[in-house]
Q: 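Handing you a structure now.
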Amino acid sequence: MKVLVTGFDPFGGDKVNPAYEAVKKMPAEIAGAEIIKLEVPTVFGKSSQVVREAIKEHQPEIVICVGQAGGRSAVSFERVAINLAEARIPDNEGNQPFDTALEEDGPAAYFTTLPIKAMTKNVHDHGLPAYISYTAGTFVCNDIMYRLLHVLHTEFPTIRGGFIHVPFSPDQVIERPVGTASMSLADIADSLTYAVEAAIENEQDISGNAGTTH
């Protein structure tokens with residue numbers, strides 16, 4: 001089995017992106033599966049095209065894209081991506097779309113095909129925080145998740161895929177407001193590793209209520 005795990009390059013003025021920095025720290029093999037690591041550009045459309053080419057090259061069974069969610073305090077597993085680009089800041093090539101559909105012929109939303117409840121539980125079982133999120137935002141993270149799920153649905157229906165958000169790393173919050181949440185790269189990498197392990201071992205998700213009130 002092969003698992004493709006991607007992480008974004010730095011954006012928004014930061015010198016690092018904990019997404020790919022943590023991905024690089026993951027083992028080369030998890031639960032018997034080969035882990036293929038790939039850095040992708042924080043650019044609308046281009047990031048998903050890089051992923052599509054990697055899928056064609058490596059033929060993985062699972063694809064997991066990872067991105068930074070500054071301000072969140074733990075790794076979060078995204079359940080849904082929406083067919084909308086609404087960029088508060090420009091991407092790394094200066095694109096700043098708004099009120100724009102990502103795929104004109106696509107549905108309003110796609111749900112992850114990863115067992116995110118099982119992934120959350122496995123992270124918890126190893127003593128680390130994690131939760132399920134119901135918004136991937138409207139920036140490039142949502143873009144890559146939506147387009148990934150669209151291409152899996154239309155071209156690679158046997159491949160499972162989804163998206164994980166990770167917090168700032170500690171060095172990123174030194175000059176941010178006091179109290180801004182962060183997580184060590186080691187803990188982020190461990191969380192991703194346990195999440196991938198659960199994705200490999202659970203083709204179907206476990207049962208349980210992971211709803212939120214806001």
Side-chain angles (χ1 to χ4, degrees), residues 1-8 10 14 16-39 60-81 111-137 141 144-145 160-174 176-214:
M1 175 180 278
K2 295 179 182 178
V3 181
L4 173 63
V5 186
T6 76
F8 285 110
D14 281 305
V16 298
N17 190 320
Y20 189 60
E21 294 304 314
V23 167
K24 289 192 295 184
K25 291 181 176 293
M26 296 173 66
E29 182 178 306
I30 299 172
E34 177 187 356
I35 306 303
I36 301 162
K37 307 170 187 179
L38 177 68
E39 186 177 38
E61 283 78 12
I62 299 172
V63 182
I64 300 176
C65 298
V66 183
Q68 170 188 295
R72 295 191 185 183
S73 59
V75 167
S76 48
F77 304 103
E78 298 298 343
R79 186 155 196 181
V80 61
F111 286 95
T112 184
T113 52
L114 297 176
I116 56 175
K117 292 181 181 179
M119 294 162 73
T120 303
K121 182 179 185 300
N122 201 38
V123 176
H124 289 173
D125 288 348
H126 286 86
L128 290 166
Y131 64 95
I132 292 173
S133 166
Y134 295 87
T135 174
C141 291
I144 199 172
M145 181 181 178
R160 294 181 288 149
F163 190 89
I164 302 174
H165 264 127
V166 302
F168 284 136
S169 56
D171 56 305
Q172 290 179 283
V173 304
I174 293 172
R176 285 186 160 93
V178 174
T180 300
S182 67
M183 192 176 196
S184 73
L185 286 176
D187 282 348
I188 295 173
D190 284 346
S191 297
L192 295 176
T193 298
Y194 300 137
V196 169
E197 180 182 57
I200 294 166
E201 296 177 348
N202 294 268
E203 189 167 336
Q204 301 296 322
D205 209 352
I206 62 175
S207 180
N209 191 333
T212 64
T213 57
H214 59 277

Q: CD1/I36 to CG/L4 distance, rounded to the nearest 0.5 angstrom?
A: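 Reported value, rounded in 0.5 Å steps: 6.0 Å.
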
Q: CD1 of I132 to CG of N209: how many Å apart, nearest 0.5 Å?
A: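 Separation between the atoms: 9.5 Å.
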
Q: Who are the ring pair (Phe, Tyr, Trp, His ring centres under 6.0 Å) partners of F168, not counting sequence neighbours?
A: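 F168 satisfies ring pair (Phe, Tyr, Trp, His ring centres under 6.0 Å) with no other residue.
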
Q: Say whether, by atom type as modelled, one donor and one acceptor occur between the side chain of T180 and the main chain of R176 under 3.5 angstrom.
A: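 No.
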
Q: Checking F77 now: which residues fulfil ring pair (Phe, Tyr, Trp, His ring centres under 6.0 Å) with it, not counting sequence neighbours?
A: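 Counting only residues at least two positions away or on another chain, F77 forms no ring pair (Phe, Tyr, Trp, His ring centres under 6.0 Å).
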
Q: Rounded to the nearest 0.5 Å, what's the gap from CD1 on I62 to OG1 on T113? Could you check?
A: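 OG1 of T113 is found 9.0 Å from CD1 of I62.
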
Q: On a heavy-atom basis, which atom in S191 and which in V75 lie closest, and how many Å separate them?
A: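 That would be CB-CG2, 3.6 Å.
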
Q: For L192 and I64: C-alpha separation, side-chain torsions, deciding distance, then whether side-chain contact (heavy atoms from CB on, under 4.5 Å) applies.
A: CA-CA 10 Å; L192 295 176; I64 300 176; over 6 Å; no

Q: Mind checking whether P170 and S182 have side chains closer than 4.5 Å, heavy atoms only?
A: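 A side-chain contact under 4.5 Å exists here.
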
Q: Would you say the side chain of K37 lies within less than 4.5 Å of the side chain of M26, judging by non-hydrogen atoms?
A: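 Side-chain contact under 4.5 Å: yes.
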
Q: I want to check something: taking the side chain as every heavy atom from C-beta on, are Y194 and L128 in contact at a cut-off of under 4.5 Å?
A: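 With C-beta onward as the side chain, the pair touches.
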
Q: Are any side-chain N or O atoms of K2 and backbone N or O atoms of E34, one a donor and one an acceptor, separated by less than 3.5 Å?
A: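 Checking the backbone N and O of E34 against the side chain of K2, no donor-acceptor pair under 3.5 Å is found.
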
Q: Within the structure provided, determine whether S76 and I164 are in side-chain contact (heavy-atom separation under 4.5 Å).
A: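 No, side chains not in contact.
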
Q: Could you grab the distance from atom CG of L38 to atom OG1 of T6, nearest 0.5 Å is fine?
A: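 Reported to 0.5 Å precision, the distance equals 6.5 Å.
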
Q: Taking C-beta and beyond as the side chain, do F8 and E39 meet within less than 4.5 Å on heavy atoms?
A: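 A side-chain contact is absent here, since even the closest heavy-atom pair is not under 4.5 Å.
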
Q: Does any part of the side chain of V3, heavy atoms only, come nearer than 4.5 Å to the side chain of I30, both counted from C-beta?
A: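 A side-chain contact under 4.5 Å is absent here.
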
Q: List in chain and number order the residues that pass side chain to side chain contact (heavy atoms under 4.5 Å, CB included) with P129, two or more places apart in sequence or in another chain; answer none if no residue qualifies.
A: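 P129 satisfies side chain to side chain contact (heavy atoms under 4.5 Å, CB included) with A74, M183 only.
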
Q: Show me the pairs that pass side chain to side chain donor-acceptor pair (under 3.5 Å) and involve residues 16-29, at least two apart or across chains.
A: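 Only E21-K24 qualify under side chain to side chain donor-acceptor pair (under 3.5 Å).
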
Q: Any donor and acceptor pair, going by atom type alone, linking the side chain of T112 with main-chain N or O of G161 inside 3.5 Å?
A: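 Here the side-chain-to-backbone pair exists.
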
Q: Please walk me through it: do I144 and F163 pass side-chain contact (heavy atoms from CB on, under 4.5 Å)?
A: CA-CA 8 Å; I144 199 172; F163 190 89; 3.6 Å; yes

Q: What's the shortest heavy-atom distance between A22 and I188, and which atoms?
A: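 The answer is CB-CG2, 3.4 Å.
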
Q: Is the shortest side-chain heavy-atom distance between V66 and V5 below 4.5 Å?
A: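 When only atoms from C-beta onward are counted, V5 and V66 do touch, with a gap below 4.5 Å.
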
Q: For residues 121-136, which residue pairs pass the side chain to side chain donor-acceptor pair (under 3.5 Å) check, not counting sequence neighbours?
A: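 Qualifying pairs, neighbours excluded: R72-S133, E78-S133, K121-D125, N122-E197.
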
Q: Is it the case that the side chain of Q172 and the backbone of S169 share a donor-acceptor pair, with hydrogens and angles ignored and the cut-off at 3.5 Å?
A: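 Here the side-chain-to-backbone pair exists.
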
Q: Can you check whether S184 reaches D187 side chain to side chain, under 4.5 Å on heavy atoms?
A: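 They are in side-chain contact.
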
Q: Of all residues at least two apart in sequence or in a different chain, which pass the salt bridge (Lys or Arg N to Asp or Glu O under 4.0 Å) check with D171?
A: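 Salt bridge (Lys or Arg N to Asp or Glu O under 4.0 Å) list for D171, sorted by chain: empty.
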
Q: For the pair D205 (side chain) and A118 (backbone), establish whether a donor and an acceptor sit closer than 3.5 Å, ignoring hydrogens and angles.
A: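 Judged by distance alone, yes, a pair lies under 3.5 Å.
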
Q: Of all the heavy-atom pairs spanning H165 and A136, show the shortest one and how long it is.
A: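 Nearest heavy atoms, H165 then A136: CE1-O, 3.7 Å.
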
Q: Is it true that a side-chain atom of R160 and a backbone atom of A199 form a donor plus acceptor pair closer than 3.5 Å?
A: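 Judged by distance alone, yes, a pair lies under 3.5 Å.
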
